[in-house]
There are 2 protein chains.
Amino acid sequence: MPASPSHAPAATIEMPEEPTHALRFGKARTAQASAVLEDYVELIADLIAVHGEARATEVAKRLGVSHPTAVKSVARLKREGLATSRPYRGIFLTDAGRQLADRVRARHRLVVDMLVAVGVPAEAAESDAEGMEHHASEATLKAFARFLADRGTKT
Amino acid sequence: MPASPSHAPAATIEMPEEPTHALRFGKARTAQASAVLEDYVELIADLIAVHGEARATEVAKRLGVSHPTAVKSVARLKREGLATSRPYRGIFLTDAGRQLADRVRARHRLVVDMLVAVGVPAEAAESDAEGMEHHASEATLKAFARFLADRGTKT
DNA sequence: ACATAAATGTAGCATTAGCTACACTCACGA
DNA sequence: TCGTGAGTGTAGCTAATGCTACATTTATGT
């Protein structure tokens with residue numbers, strides 16, 4: 001059976017538990033925690049780039065949430081030093097926020113390209129990447145990049 | 001700009017907003033919601049298969065959470081008709097729970113195999129798959145399966 | 001048989017993300 | 001100038017996931 005081959009014990013050492021799993025699950029949970037922040041930062045960066053500014057209502061609309069929800073999340077971004085804003089003005093990113101946005105954006109493209117490269121329809125690739133990207137470790141991203149480079153990024 | 005390539009189109013239609021995004025983000029959020037349930041169900045199935053029963057404490061340990069947290073989640077599983085349990089006894093899966101476990105397990109393997117096939121180190125593949133698997137749509141899974149079949153499922 | 005340790009359960013609190021309802025501002029037109 | 005409506009902000013509620021602390025029950029060893 002799958003999860004813990006170490007329980008099959010016949011010979012060898014015998015470690016009673018498998019904290020390895022705990023670490024993995026914990027990591028996945030942590031990733032999910034920052035996922036929301038990342039989505040907001042990326043979107044805000046896009047809005048600023050395209051419209052010159054990012055307004056709470058617009059962010060809410062794009063993310064498919066109510067505006068108070070967006071406002072609350074932006075408050076969290078500010079708390080974490082990723083964004084700034086003043087009452088009735090737009091939302092702006094700090095240097096840290098911009099850097100995060102760039103990283104997130106690059107990662108998103110990489111994941112989408114990867115999915116497309118292995119035959120996932122563009123629509124599904126975009127959609128699924130939105131959720132998966134937040135869980136791709138450095139090692140995985142590096143592997144993706146190498147894979148894409150090797151096969152010339154062709155479909 | 002990046003996030004919405006659909007803004008690029010010089011000719012064609014030009015839709016002012018992009019509710020498409022909202023749908024995508026919403027989907028990712030929903031997926032994340034069931035992710036926890038799936039993790040629990042999969043783990044419980046494993047424990048039953050290996051130990052003959054699944055105890056709350058063991059589940060908590062494996063998932064890296066406190067036991068009350070595990071208990072609370074199991075309560076949710078019961079509410080959703082995926083598991084059953086009686087005070088001071090083990091946790092069991094309903095038919096629905098077992099079916100879900102099977103699907104989750106298959107999906108997990110598929111994602112891991114895929115990552116490995118593309119050159120991700122086994123360790124990272126296992127770890128990242130834990131988070132990514134919950135966001136892989138049917139279309140994506142199908143594409144993964146096809147890709148693996150084509151290249152002979154070799155490591 | 002009974003005391004005690006380990007496992008399980010319960011209570012209460014915090015945080016995050018969502019929502020609706022309501023209050024306030026600002027910009028624009030009459 | 002003064003409304004009014006769209007955009008923002010705030011309050012207060014829900015649900016999920018976590019936690020610690022405490023209560024209970026089971027099981028175990030003497």
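First the proteins, then the strands, lettered A, B, ... as listed; each starts at 1.
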message = Would the distance check show the side chain of A/D128 and the main-chain N or O of B/A136 forming a donor-acceptor pair, the cut-off being under 3.5 Å?
response =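 Flag not set: sc A/D128 to bb B/A136 has no pair under 3.5 Å.
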key: Side-chain donor-acceptor pair present, A/E126, A/H108, cut-off under 3.5 Å   = yes
inquiry  = Between A/L115 and A/M132, is there a side-chain heavy-atom distance shorter than 4.5 Å?
reply    = yes
inquiry  = Check the phosphate of C/dT16 against B/R29, side-chain N and O only, distance under 4.0 Å to OP1 or OP2. Yes or no?
reply    =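 False: B/R29 side-chain N/O out of range (4.0 Å or more) of C/dT16 OP1/OP2.
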B/T84 side chain to B/K78 side chain, donor-acceptor N/O pair below 3.5 angstrom = no
ask   = To the nearest 0.5 Å, how far apart are NZ in B/K61 and CG in B/L47?
value = 10.5 Å
request  = Look at B/R55 and D/dA27 and indicate whether a side-chain polar atom (N or O) is within less than 4.0 Å of OP1 or OP2.
outcome  =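 Checking D/dA27 against B/R55, no side-chain N or O comes under 4.0 Å of OP1 or OP2.
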Output a table of nitrogen or oxygen pairs between the protein and nucleotides 10-14 of chain C separated by less than 3.5 Å.
{"from": "C/dG12", "atom 1": "O6", "to": "B/K72", "atom 2": "NZ", "distance (Å)": "3.3"}

ask   = What bend angle does the helix from C/dA1-D/dT30 to C/dA30-D/dT1 show across its length, from five-pair end axes and to the nearest 10 degrees?
value = 10°
message = If I take atom NZ in residue B/K61 and atom P in nucleotide D/dG18, what distance separates them, rounded to the nearest angstrom?
response =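 Spelled out: NZ on B/K61 to P on D/dG18 is 18 Å.
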Flag for B/H51-B/D46: side-chain donor and acceptor within less than 3.5 Å = no
message = How many whole angstroms separate atom CD of B/E58 from atom C1' of C/dG9?
response = 18 Å
ask   = Whole Å only: how far is the CZ atom of A/R86 from the C1' atom of C/dC24?
value =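 Distance, rounded to whole Å: 17 Å.
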Rounded distance in Å - CZ (B/F25) to P (C/dA17) = 14 Å
Steps toward salt bridge (Lys or Arg N to Asp or Glu O under 4.0 Å) verdict (B/K142, B/E138) = CA-CA 6 Å; B/K142 208 162 292 179; B/E138 275 310 309; 5.1 Å; no
message = If you compare every side-chain N and O of B/S66 against the phosphate oxygens of D/dC19 (OP1, OP2), does one of them come in below 4.0 Å?
response =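 Checking B/S66 against D/dC19: at least one side-chain N or O falls below 4.0 Å of OP1 or OP2.
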ask   = Atom CZ of A/R79 and atom C1' of C/dA17: how far apart are they, to the nearest Å?
value =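 After rounding, the reported distance stands at 12 Å.
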query = Is the shortest distance from a Lys or Arg side-chain nitrogen in A/R107 or A/E38 to a carboxylate oxygen in the other one below 4.0 Å?
reply =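 Yes, this pair counts.
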query = Between B/R89 and A/Y40, which is nearer to the 5' end of DNA chain C once each is assigned its nearest nucleotide?
reply = B/R89
key: Nearest-angstrom distance from the residue atom CD1 of A/I91 to C1' of D/dG9   =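 Checked: the CD1 to C1' distance equals 12 Å.
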request  = Would you kindly give the OH-to-P distance between A/Y88 and C/dA27, to the nearest whole Å?
outcome  = 11 Å
task = Check A/T69, A/V71, A/V65, A/I44 against A/V59 for a side chain to side chain contact (heavy atoms under 4.5 Å, CB included) and give me the one that passes.
result =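 With A/V59 as partner, side chain to side chain contact (heavy atoms under 4.5 Å, CB included) holds for just one option, A/I44.
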query = Under 4.0 Å between a side-chain N/O of A/R76 and OP1 or OP2 of C/dA17, yes or no?
reply =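 A/R76 to C/dA17 OP1/OP2: side-chain N or O found under 4.0 Å.
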key: Nucleotide C/dT16, atom C1' - distance to NZ of A/K78 in whole Å   =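 My rounded result for the distance is 18 Å.
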A/T57 vs D/dG7: side-chain N/O to OP1/OP2 distance below 4.0 Å =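 Answer no for this pair, as no side-chain N or O of A/T57 is under 4.0 Å from OP1 or OP2.
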